[in-house]
Amino acid sequence: MKILVMGPPGAGKGSQSSKIVEKYKMPSISTGQMFRDAFNANESIGIEAMKFIKEGDLVSDDITNEIVRLRLTKKDAETNFLLDGYPRTVTQAVALDDLLEEMDTKLDAVINILSSHDVLFERMEQRRVCKVCGASYHLRFKKPVVDKVCDKCSGELYQRQDDTHESVKRRLEIYETKTKPLLDYYSKQGILYNVNGMQSFDAVYEDIILVLDEI
Ligand code: AMP
């Protein structure tokens with residue numbers, strides 16, 4: 001199964017994706033996480049990408065397409081993968097289709113998690129992320145057992161540089177102008193499935209599984 005999980009920033013793509021890949025035993029490919037890992041490892045691509053990320057801007061299509069090409073052509077992505085947060089522009093979507101065609105394959109489904117801007121703002125400002133494993137918490141709804149410490153790996157929790165109010169506003173604007181047109185792109189391919197993201201985490205997950213078990 002080759003799928004992609006879409007939605008505005010803060011819709012829960014990352015947390016839902018982690019649970020989906022655990023169930024279906026598939027690699028999760030998150031461009032945002034790859035950029036953050038490269039930055040934490042002091043790699044030049046990560047340092048370059050972080051200049052855009054912390055302002056709430058998109059990283060260039062060229063850098064992003066390249067990092068995905070390198071990852072998708074690895075052996076473990078041959079039969080199954082989940083893409084989280086990529087593509088985010090029509091240029092990236094076309095590049096992905098070209099790459100998949102070269103690999104003689106295609107996407108099976110695009111899951112789109114819908115949410116309102118109010119809910120998204122609240123979620124992102126209260127979000128804390130583990131520096132080590134990337135697990136995501138919410139200061140009110142999904143608190144870690146010990147303050148500022150990850151339940152899963154005991155790593156330190158921090159607020160992402162792009163989860164500030166100004167940056168969130170910018171990311172939502174960019175989502176509306178650059179990423180939303182992709183919904184039409186995938187709807188025309190007949191592989192778009194919308195899921196209501198304004199429910200509990202478990203209810204959203206169950207709706208996604210209902211879709212994936214049917215394809
Ligand atoms: P995410 O973890 O998916 O919220 O991504 C965090 C940030 O990484 C985004 O706000 C962008 O700055 C950057 N990023 C992630 N994926 C992409 C992409 N497909 N294209 C461009 N920039 C991206």
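One-based numbering along the sequence shown. Small disclaimer: the values here were computed from a predicted structure and weren't measured.
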Side-chain ([X]) to main-chain ([Y]) donor-acceptor, under 3.5 angstrom:
X    : Y    : answer
Y186 : A109 : no
K142 : L139 : no
Q16  : F201 : yes
Q92  : R88  : yes
R123 : G10  : yes
D151 : V145 : yes
N80  : M26  : no
K152 : A135 : no

[atom1]-[atom2] distance between [X] and [Y], expressed to the nearest 0.5 angstrom:
X    : Y    : atom1 : atom2 : value
Q33  : S28  : CD    : OG    : 8.5 Å
L4   : L192 : CG    : CG    : 9.0 Å
L100 : K106 : CG    : NZ    : 10.0 Å
K169 : L120 : NZ    : CG    : 15.0 Å
C130 : E156 : SG    : CD    : 9.0 Å
L210 : Y193 : CG    : OH    : 12.5 Å

Taking side chain as C-beta onward, heavy atoms only, is [X] less than 4.5 Å from [Y]?
X    : Y    : answer
D108 : I191 : no
Y137 : C150 : yes
L183 : K180 : yes
I53  : F39  : no
V94  : L96  : no
F52  : L58  : no
M34  : I29  : yes
L114 : V195 : no

**OP:** Evaluate the criterion side chain to side chain contact (heavy atoms under 4.5 Å, CB included) for residue pair F81 and I3; output intermediate values, then yes/no.
**Re:** CA-CA 6 Å; F81 61 74; I3 58 172; over 6 Å; no
For [X] against [Y], the heavy-atom pair lying closest together:
X    : Y    : result
T79  : K2   : O-CE, 3.6 Å
I174 : G56  : CD1-O, 3.3 Å
L182 : A93  : CD2-CB, 3.5 Å
S167 : E55  : OG-C, 3.9 Å
P144 : L157 : CG-CD1, 3.5 Å
L99  : L72  : CD2-CD1, 3.8 Å

Original post:
With the threshold set at 4.0 Å, does a side-chain nitrogen-carboxylate oxygen contact exist between D163 and K54?
Top reply: no
Original post:
Would R140 and E122 pass as an ion pair if we require N to O under 4.0 Å?
Top reply: yes
If Ile, Leu, Val, Met, Phe, Trp and Tyr residues are connected whenever their side-chain heavy atoms lie under 4.5 Å apart, and connections chain through other members, are [X] and [Y] in the same group?
X    : Y    : result
F121 : Y175 : no
V21  : I113 : yes
M6   : I215 : no
I111 : L82  : yes
V211 : Y24  : yes

**OP:** Answer yes or no: does atom NZ of K19 have more than 12 heavy-atom neighbours from other residues, nucleotides or ligands under 6.0 Å?
**Re:** yes
Subject >> Test salt bridge (Lys or Arg N to Asp or Glu O under 4.0 Å) applied to D162 and R160, step by step >> reply: CA-CA 5 Å; D162 56 346; R160 279 170 44 171; 3.0 Å; yes
Subject >> Criterion side chain to side chain contact (heavy atoms under 4.5 Å, CB included) on T89 and T179, from CA distance to verdict >> reply: CA-CA 5 Å; T89 65; T179 308; 5.7 Å; no
**OP:** Please step through salt bridge (Lys or Arg N to Asp or Glu O under 4.0 Å) for the pair E173 and K178, ending with a clear verdict.
**Re:** CA-CA 8 Å; E173 279 163 13; K178 300 209 167 146; over 6 Å; no
Original post:
So which of L107, D97, V110 actually passes side-chain contact (heavy atoms from CB on, under 4.5 Å) with Q189?
Top reply: D97
Original post:
Where do M1 and L212 land on the side chain to side chain contact (heavy atoms under 4.5 Å, CB included) test, with the steps shown first?
Top reply: CA-CA 9 Å; M1 187 160 60; L212 296 181; 4.2 Å; yes
Subject >> Residues R69, E102; criterion side chain to side chain contact (heavy atoms under 4.5 Å, CB included); working and verdict >> reply: CA-CA 11 Å; R69 171 179 280 272; E102 264 175 49; 3.3 Å; yes
